[in-house]
There are 2 protein chains.
Amino acid sequence: MSKIKESSTNFANKQALMEECSEVYAANIIGGQWGLVICSWLLNGKLRFSELKKLLPTITERMLTLQLRKLEENKIVKRTVYAEVPPRVEYELTEIGYDLGPVIKLLEKWGEKHKRFKEV
Amino acid sequence: MSKIKESSTNFANKQALMEECSEVYAANIIGGQWGLVICSWLLNGKLRFSELKKLLPTITERMLTLQLRKLEENKIVKRTVYAEVPPRVEYELTEIGYDLGPVIKLLEKWGEKHKRFKEV
DNA sequence: TAGGGTACTATAAAAAATGTAAGTAATGTC
DNA sequence: GACATTACTTACATTTTTTATAGTACCCTA
């Protein structure tokens, strides 16, 4: 999650695929170790940084920050800072962020079915 | 895509999330740079290794092999080898592989909407 | 004045994913 | 006998993602 190298083959491949296939584009946006879980939690309503941290006990603060920044950049979450001390920052899904609801639900369903399928 | 280190924090985190959240589980299975595109193509019917290679001009043979192996391990594609020379190997989606159709379609739709959303 | 809470940032390192380049086996054709 | 075809494999290099650890500013409370 640092700076990406725009000269790499990997970068070129990703770009090309994302332009052609909207499903790959989508996967790249919500991808990453924690992106989906964060969105899942936020589907229930806005949360503070520290609340998310509690919900995701093993995430590091750095990772949480990075993922939230990425989601913010992609306009999936809105970040609201309250000028208080100690600081308070709330994260909330945008309209298109909430649109992820059905996507996540379908993924979840498929995942559950797949778990059973794999057992056999 | 090499061997994963079962002692790493990353591995532990992934495992825990995958058990709790089926959507993360699903994302991990179809994730990877090329997984989704390969499945997309296979939704139209079985394909040979070389045909996939032609459809994905920038993928390396190594990557194609790795991704197909992962999909096979996860029982999303079925691999059929014909004892001919030169060899012929066909890849076809399994039942649950075909179930990815709606998932991919929804992701695609969301992706397209998101592209427009981001422009504004 | 020492400590606590909040939401971070900086730096480094480890781990994972992807890419590069070359080679292999078997057989049929020229 | 050289060469082409197919579906790979192997060794190695690079890039990207994730984790680890230690800070920071601000004010409030004890």
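Residue numbers begin at 1 in each chain, while the letters A, B, ... track the order of the sequences.
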Exercise. NZ of K53(B) versus P of dT6(D): gap in Å, rounded?
Worked result: 8 Å
For this session: List the atom of A26(A), the atom of W110(B), and the distance in Å for their closest heavy-atom pair.
Result: CB-CE3, 3.7 Å
For this session: Return no unless some side-chain N or O of K54(A) is found under 4.0 Å from OP1 or OP2 of dG5(C).
Result: no
Exercise. So, is S8(B) close to the dA16(C) phosphate, meaning a side-chain N or O under 4.0 Å from OP1 or OP2?
Worked result: yes
For this session: Determine: side-chain N/O of Q67(A) to OP1/OP2 of dT18(D), distance under 4.0 Å, yes or no.
Result: yes
Exercise. Hey, does the side chain of T60(A) come within less than 4.0 Å of dT19(D)'s phosphate (OP1/OP2), counting only N and O?
Worked result: no
Exercise. Atom CG of L64(A) and atom C1' of dT18(D): how far apart are they, to the nearest Å?
Worked result: 14 Å
Problem set entry | Nucleotide nearest R48(B) (side chain, heavy atoms from C-beta), chosen from dA7(C), dT9(C), dT6(D) | dT6(D)
Exercise. Separation of E6(A) atom CD from dT16(D) atom C1', in whole Å?
Worked result: 14 Å
Seminar exercise, completed: Considering only heavy side-chain atoms of S50(B), the closest of dA7(D), dT18(C), dA17(C) is dA7(D)
For this session: Rounded to the nearest angstrom, tell me the gap between atom CD in Q15(B) and atom P in dT18(D).
Result: 15 Å
Exercise. Is the distance from OP1 or OP2 of dA17(C) to the nearest side-chain N or O of K5(B) less than 4.0 Å?
Worked result: no
For this session: Look at R88(B) together with E90(B) and state whether they make a salt bridge at an N to O cut-off of under 4.0 Å.
Result: yes
Exercise. Looking for any heavy atom pair under 4.0 Å, which part of the strands does Y91(A) touch: base, sugar-phosphate only, or nothing?
Worked result: sugar-phosphate
Exercise. Between L66(B) and W34(B), does a side-chain contact (heavy atoms from CB on, under 4.5 Å) hold up when you go through it step by step?
Worked result: CA-CA 10 Å; L66(B) 284 176; W34(B) 306 94; over 6 Å; no
Problem set entry | Stepwise side-chain contact (heavy atoms from CB on, under 4.5 Å) check, V103(A) with L100(A) | CA-CA 5 Å; V103(A) 179; L100(A) 275 176; 4.3 Å; yes
For this session: Report the nucleotide, chosen from dA7(C), dT6(C), dT9(D), that has the shortest atom-to-atom distance to any side-chain atom of P86(A).
Result: dT6(C)
Seminar exercise, completed: Looking only at dA7(D), dG5(C), dA15(C), the nucleotide nearest the R88(B) side chain is dA7(D)
Seminar exercise, completed: note: M63(B), atom CE; dT15(D), atom P; distance rounded to Å ~ 15 Å
Exercise. To the nearest Å, how far apart are R69(B) CZ and dA7(D) P?
Worked result: 12 Å
For this session: Confirm from the modelled atom types if R62(A) and dT9(C) form a donor-acceptor pair under 3.5 Å, side chain to base only.
Result: no
Problem set entry | Integer-rounded Å distance: dA7(C) P and I59(A) CD1 | 14 Å
For this session: Give the intermediate values and the outcome of side chain to side chain donor-acceptor pair (under 3.5 Å) for residues E23(B) and S40(A).
Result: CA-CA 9 Å; E23(B) 72 271 22; S40(A) 281; 2.6 Å; yes
Exercise. When you measure from the side chain of R79(B), which nucleotide among dA17(C), dA7(D), dT9(D) comes out closest?
Worked result: dA7(D)
Problem set entry | Value in whole Å for how far the P atom of dT16(D) lies from CG of N13(A) | 11 Å
Problem set entry | NZ or CZ of K115(B) within 45° of Y25(A) ring axis and under 6.0 Å | yes
For this session: Could you work out which one of dT17(D), dA7(C), dG19(C) sits closest to the side chain of T9(A)?
Result: dG19(C)
For this session: Kindly point out which of dC27(D), dT19(D), dT17(D) is positioned nearest to the side chain of V85(A)?
Result: dC27(D)
Problem set entry | Residue met sooner reading DNA chain D from 5', once N10(B) and P87(B) are mapped to nucleotides | P87(B)
